[in-house]
Amino acid sequence: MTAASSATVRPSIAITCGEPAGIGPEIALRAAWELRDEINCVLIGDAPFLAIIADQIDPDIALAAVSLLAVRNDGLPNFPASRLVVLDCPLAEHVVPGKLDPRNGRSVLQMLDMAIEGTRAGWFDAMVTAPLQKSTINDAGVPFTGHTEYLAEKTAAPHVVMMLAASGDHPLRVALATIHLALKDVPAAITAESLGQTLDVLQHDLQSRFGLDRPRILVAGLNPHAGEGGYLGREEIDILIPALQAARARGINVAGPYPADTLFQPKYLKDADCVLAMYHDQGLPVLKFASFGHGINITLGLPLIRTSVDHGTALDLAEQGVGHADHGSMVEAIRMAAKMVAHSTASST
Ligand SMILES: NC(=O)C1=CN([C@@H]2O[C@H](COP(=O)(O)OP(=O)(O)OC[C@H]3O[C@@H](n4cnc5c(N)ncnc54)[C@H](O)[C@@H]3O)[C@@H](O)[C@H]2O)C=CC1
Ligand SMILES: NCC(=O)COP(=O)(O)O
């Protein structure tokens with residue numbers, strides 16, 4: 001039984017604080033404190049370091065540190081909402097805001113490992129991640145592409161999908177057919193099989209985690225003008241159209257491929273639950289233009305709920321000290337995780 005299975009209990013959500021030299025610790029603390037009456041946010045990070053940042057934000061923020069061993073033995077402690085629980089994940093080195101130190105890279109990954117363990121064990125109902133610096137994890141000697149791929153590997157998820165969502169009642173949602181991939185490798189990665197798996201994951205998770213009965217998915221073409229009848233590329237004719245036909249035959253409400261430059265207009269979007277873009281920089285700039293600062297990054301296809309912010313580590317802001325970063329996207333990511341917990345609980349009962 002997870003912590004949110006009783007309506008009277010605040011959902012417990014793990015928040016990994018991410019790259020310590022970035023804005024992650026600050027936005028995690030600010031958001032957790034703001035939401036404390038509705039959500040039990042458990043921060044995962046270096047407890048003494050977080051205490052310093054908390055004090056700089058607001059001396060009223062009260063933290064209670066617990067060790068992984070204690071939680072493994074006794075479960076999450078039950079503190080009142082006026083104290084934020086910190087699951088201690090010690091850093092290797094002193095942090096200088098704005099200055100990356102690969103010696104802390106492995107601790108950042110340990111935060112993720114703790115969140116995964118705790119979410120799978122039922123200490124947490126979901127996990128939310130603050131941004132990390134992908135290059136610093138690689139500089140620490142660990143090949144790393146992103147949280148999405150790391151979580152897929154650690155949970156043995158066969159196929160995951162990155163989806164970003166704006167906030168609001170009828171939010172724009174943009175999912176990606178390929179994720180962190182060099183542009184030159186994109187065309188070869190788009191196969192009928194991978195597109196079919198992506199559409200299956202989208203359909204499944206939009207139903208089970210978002211409560212949408214029959215989600216309508218619009219698919220962007222890969223090439224300009226969706227290939228212009230084959231004169232500007234054949235991927236639409238050879239791969240996308242057959243994959244969409246097969247998905248329709250499986251009962252998925254999918255349309256396209258549409259030219260990506262015309263698809264993102266209200267006429268098309270008003271009846272859509274999600275747009276599937278073919279690659280990272282085809283879909284995400286649109287979403288970020290529409291809602292930067294309030295967008296949410298969601299990983300679909302995992303055996304757990306994970307959301308994140310729509311931005312990176314913002315070292316330029318961290319370097320200036322606390323008080324410059326907007327924590328709006330973190331608030332939305334935590335709220336979205338809590339909503340997904342509620343939908344998932346409802347759809348499994
Ligand atoms: N979920 C994650 O872990 C993500 C991590 N990243 C990583 O972050 C690092 C830096 O990426 P960049 O491309 O520089 O993007 P970035 O989002 O860190 O910064 C881009 C611009 O947006 C501003 N900005 C970002 N977040 C803000 C906030 N909360 N409030 C106010 N302004 C904000 C920054 O000051 C900067 O001017 C990279 O290593 C990248 O991989 C990027 C996106 C997501
Ligand atoms: N552009 C989104 C991004 O890079 C975040 O990736 P991930 O760390 O959530 O996989």
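No experiment lies behind these values; they were computed from the predicted model shown. Note that ligands are numbered from 1 as they come in the structure, with each ligand's atoms numbered from 1 the same way.
- Side-chain contact, N223 with E235: a donor N or O sits under 3.5 Å from an acceptor N or O.
- Each of M127, Q110, M111 was scored for a side-chain contact (heavy atoms from CB on, under 4.5 Å) with I44, with one residue passing: M111.
- For atom 41 (O) of ligand 1, the nearest protein heavy atom lies closer than 4.0 Å.
- In this structure, K288 does not pair ionically with D310, as no charged nitrogen and carboxylate oxygen lie closer than 4.0 Å.
- Between atom CD1 of residue I179 and atom OG1 of residue T148 there is a gap of 5.0 Å, rounded to the nearest 0.5 Å.
- Under the 4.0 angstrom criterion, atom 20 (C) of ligand 1 counts as lacking any protein heavy-atom contact.
- If you check which protein heavy atom lies closest to atom 22 (O) of ligand 1, you get F292 CZ, 3.9 Å.
- On a distance-only criterion, V309 and ligand 1 share no N/O pair closer than 3.5 Å.
- Every N/O-N/O distance between S135 and ligand 1 stays at or above 3.5 Å.
- Taking a cut-off of under 4.0 Å to the non-hydrogen atoms of L132, the atoms of ligand 1 that pass are 3 (O), 5 (C), 6 (N), 7 (C), 8 (O).
- Looking at D310 against ligand 1, nothing comes within 4.0 Å, counting heavy atoms.
- Not a single protein heavy atom sits closer than 4.0 Å to atom 13 (O) of ligand 1.
- Atom CG of D60 and atom CH2 of W33 lie 6.5 Å apart (nearest 0.5 Å).
- Residue contacts with ligand 1 for L317 involve side-chain atoms from C-beta outward but no N, CA, C or O (heavy atoms, distance under 4.0 Å).
- Atom 17 (O) of ligand 1 has its closest protein heavy atom at G312 N, 2.6 Å.
- For Q282 against P285, the heavy-atom pair with the smallest separation is C-CD, 4.2 Å.
- Nearest protein heavy-atom contact of atom 38 (C) of ligand 1 is Q133 NE2, 3.9 Å.
- Contact annotation: D316 has at least one heavy atom less than 4.0 Å from an atom of ligand 1.
- For S12 and N40, the side-chain atoms include at least one donor-acceptor pair closer than 3.5 Å.
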Please produce the table of protein N or O atoms sitting under 3.5 Å from N or O atoms belonging to ligand 2, one pair a line, distance to 0.1 Å.
from	atom 1	to	atom 2	distance (Å)
ligand 2	1 (N)	H280	NE2	2.9
ligand 2	4 (O)	K134	NZ	2.9
ligand 2	4 (O)	H180	NE2	2.9
ligand 2	6 (O)	H180	NE2	3.4
ligand 2	8 (O)	H147	N	2.9
ligand 2	8 (O)	H147	ND1	2.7
ligand 2	9 (O)	N297	ND2	2.9
ligand 2	9 (O)	R306	NH1	3.0
ligand 2	9 (O)	R306	NH2	2.9
ligand 2	10 (O)	H147	N	3.1
ligand 2	10 (O)	T148	N	2.8
ligand 2	10 (O)	T148	OG1	2.6

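- Ring geometry, H311 versus F292: the interplanar angle exceeds 60°, so the pair is classed perpendicular (tilted spans 30 to 60°).
- Residues T155 and R120 bring no donor and acceptor atom of their side chains to less than 3.5 Å of each other.
- Remark: the Y150 side chain and the D113 side chain contain an N/O donor-acceptor pair separated by less than 3.5 Å.
- Judged by distance alone, the side chains of H159 and T198 do bring a donor and an acceptor atom under 3.5 Å apart.
- When each of E34, E26, E332 is paired with H327, the side-chain contact (heavy atoms from CB on, under 4.5 Å) condition holds for E34 and for no other.
- V85 pairs in a side-chain contact (heavy atoms from CB on, under 4.5 Å) with only one of the listed residues (V66, N78, V71, L63), which is V66.
- Under a 4.5 Å side-chain heavy-atom criterion applied to ILVMFWY residues, the cluster that includes L232 comprises that residue alone.
- Residue contacts with ligand 1: D326 is placed with a nitrogen or oxygen under 3.5 Å of a nitrogen or oxygen of the ligand (distance criterion only).
- Nearest to atom 24 (N) of ligand 1 by heavy atom, out of S308, A314, G328, A318, is A314.
- Nearest protein heavy-atom neighbour of atom 2 (C) of ligand 1: P131 CA, 3.7 Å.
- The nearest protein atom to atom 10 (C) of ligand 1, hydrogens excluded, is given as T313 OG1, 3.5 Å; this is a heavy-atom distance.
- Among H311, H327, H324, the residue whose heavy atom sits closest to atom 43 (C) of ligand 1 is H311.
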